[in-house]
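Single-structure report; data block below.
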Amino acid sequence: MSWIREGELNLIERLSANILKAGPVPKHVAFIMDGNRRFARKKHVDRQEGHSQGFNKLAETLRWCLQLDIPEVTVYAFSIENFNRSREEVDGLMELAKLKFLRLLDEREKLEKHGVCIRVLGDLTLLPLDLQQLIAKAVVATREHNRCFLNVCFAYTSRHEMANAVREMAWGVEQGLIKASDVSEALLSECLYSSNSPNPDLLIRTSGEVRLSDFLLWQTSHSCLVFQSVLWPEYSFWNLCDAVIQYQCNHASITKARELHQDEQRRQQLEADHACVAELLHHHGNGKPADAPRRQEAVTEYGVRREARVKDFLDALRNKRDSFLTELASQATVA
């Protein structure tokens, strides 16, 4: 099954989509695609077939999202905790992933036509080397596309992602790119795997489970969360419409919460800058307190220097990550 499904909505679906698009539509939707194994038991097929049907449903759901003007989708494809499943199932999932990324590489022209950028978020080093190389090749091949984005969380948990972000900031301090005082909530966000994406507006979990299972915990603190009972391979256009309607009903409160959080982040950063400047003036001054204009000028200058340090650090971090993927991709043996 293709990563990109061609085809149009029927008349009733198009009418419904146009009505939905008259209101606020989420720009980024995340899915916990749960229920593949239960679907397999329900249909009396093996687990591998359930996972394969789940991928087919992803391709169909991506088409619906594009037709609803949702340009970015993030999916929970494989949790680090899934490595604890049976060897047979894990090996089957790794093989399925290889087949799908090989198929993606065969569809490069179609992906370019639609401007689809594929990103894989997670710790690739936990995967078999040949799969790492295939993933890297797919990511590198589509990294310049910018009309729509699919983020595949593979070998991922949110806690692992946050721990890695802390390690990246520690690396920046060790390299002298940033100061320990530059570390902040906002900077940690920029060090996450998902730093190239806005936070999801809407998160959907299928199968009736009502927990996040360590998925995008940081990024969804101000997102609309929708839990639906349908098994993922049975997901429908109408299920997606229902979730979008729930988002629209809560749009105002979500937007307000995000704005308040952004205001609080700015306030905390300003307080931190004031504290750093006060310490600098204390150490380098003549023992007399600085007057208010001098303090304000010093805070402004310090903020400019901090932002320059952070920018240089983030550029270095992106270059490090890009180099890792480019090197992996160059090792891939597929054409």
Side-chain angles (χ1 to χ4, degrees), residues 1-10 13 17 29-68 70-79 82 85 88-111 113-114 116-122 131 134-135 138-139 142 148-156 202-209 213 215 226 228-244:
M1 176 63 70
S2 170
W3 284 74
I4 299 295
R5 289 283 296 273
E6 304 286 357
E8 297 295 330
L9 299 175
N10 64 40
E13 290 171 339
V29 177
F31 290 94
I32 301 178
M33 307 178 295
D34 197 14
N36 292 344
R37 296 196 294 177
R38 273 172 278 178
F39 173 82
R41 289 195 296 270
K42 177 181 175 181
K43 297 297 184 180
H44 306 290
V45 297
D46 61 32
R47 288 177 177 176
Q48 192 68 4
E49 177 61 20
H51 291 306
S52 182
Q53 289 296 319
F55 175 83
N56 295 345
K57 183 57 62 175
L58 169 60
E60 191 171 15
T61 303
L62 291 175
R63 176 171 66 90
W64 298 333
C65 287
L66 289 176
Q67 289 163 336
L68 285 170
I70 299 170
E72 185 151 7
V73 172
T74 298
V75 297
Y76 205 2
F78 188 85
S79 167
N82 290 156
R85 294 181 178 180
E88 179 184 9
E89 185 174 2
V90 172
D91 288 347
L93 287 166
M94 294 300 113
E95 286 303 314
L96 178 63
K98 290 176 190 176
L99 289 173
K100 298 309 178 184
F101 279 102
L102 280 169
R103 181 62 182 269
L104 185 152
L105 290 168
D106 289 339
E107 297 180 328
R108 277 176 285 190
E109 289 185 4
K110 186 187 292 186
L111 293 169
K113 171 187 171 185
H114 293 280
V116 180
C117 175
I118 304 291
R119 303 184 184 122
V120 178
L121 315 182
L131 179 54
L134 276 176
I135 288 173
V139 170
T142 65
C148 52
F149 303 88
L150 172 61
N151 307 310
V152 181
C153 292
F154 206 93
Y156 173 94
L202 170 64
L203 182 145
I204 299 167
R205 179 166 189 162
T206 57
S207 87
E209 296 289 346
S213 297
F215 179 57
V226 174
Q228 298 176 306
S229 59
V230 61
L231 301 177
W232 174 250
E234 297 175 330
Y235 204 70
S236 73
F237 173 76
W238 303 112
N239 293 131
L240 179 58
C241 289
D242 174 66
V244 171

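We number each residue from 1, following the sequence as shown. Side chains are part of it too, since the values below use all heavy atoms of this structure and drop only hydrogens, waters and symmetry mates.
With hydrogens and angles disregarded, no donor-acceptor distance shorter than 3.5 Å links the side chain of T206 to the backbone of M33. Distance alone, capped at 3.5 Å, places no donor-acceptor pair between the Y156 side chain and the A77 backbone. Here the side chain of W232 pairs a donor or acceptor atom with the backbone of G54 at under 3.5 angstrom. A distance-only check finds no donor-acceptor pair linking the side chain of Q53 to the backbone of P233 [under 3.5 Å].
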Starting from the C-alpha separation in whole Å, work towards a yes-or-no answer on side-chain contact (heavy atoms from CB on, under 4.5 Å) for E8 and Q67. CA-CA 8 Å; E8 297 295 330; Q67 289 163 336; 3.8 Å; yes

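Using a 4.5 Å heavy-atom cutoff, the side chains of I204 and L240 are in contact. The closest side-chain heavy-atom distance from L102 to L134 is below 4.5 Å. Counting heavy atoms from C-beta outward, C148 and L66 have side chains that approach closer than 4.5 Å. Between L9 and W64, some side-chain heavy-atom pair lies under the 4.5 Å cut-off. Side chains of V244 and C241 form no contact here, defined as non-hydrogen atoms less than 4.5 Å apart.
By the side-chain hydrogen bond (donor to acceptor under 3.5 Å, both in side chains) test, E72 pairs with R119, N151, S197, sequence neighbours left out. Under the side-chain hydrogen bond (donor to acceptor under 3.5 Å, both in side chains) criterion, E89 pairs with R37, R47, H51, R85, sequence neighbours left out.
Nearest heavy atom pair, residue V226 against residue Q228, reads CG1-CG, 3.8 Å. When all heavy atoms of F215 and V75 are compared, the closest pair comes out as CZ-C, 4.2 Å. In plain terms, the two heavy atoms of A17 and F237 that are nearest each other are CB-CZ, 4.3 Å.
The distance from the CZ atom of R103 to the CG atom of D106 is 7.0 Å, given to the nearest 0.5 Å. Atoms NZ and OG, on K57 and S236 in that order, are 7.5 Å from each other to the nearest 0.5 Å. Note that OG1 of T142 is 6.5 Å distant from CG of L104, once rounded to the nearest 0.5 Å. Taking CG from L203 and OG1 from T74, the interatomic distance works out to 9.5 Å, rounded to the nearest 0.5 Å. Atom CG of N56 sits about 10.5 Å away from atom OG1 of T61, to the nearest 0.5 Å. Atom NZ of residue K100 and atom CD of residue E107 lie 9.5 Å apart, to the nearest 0.5 angstrom.
Remark: E88 CD is loosely packed, at most 12 non-hydrogen atoms of other residues, nucleotides or ligands lying under 6.0 Å away.
In summary, the side chains of S79 and N82 do not present any donor paired with an acceptor at a separation below 3.5 Å, with no hydrogens or angles considered.
Ring geometry, F31 versus Y235: the interplanar angle exceeds 60°, so the pair is classed perpendicular (tilted spans 30 to 60°).
A salt bridge links E234 with K42; the closest basic N to acidic carboxylate O contact falls under 4.0 Å.
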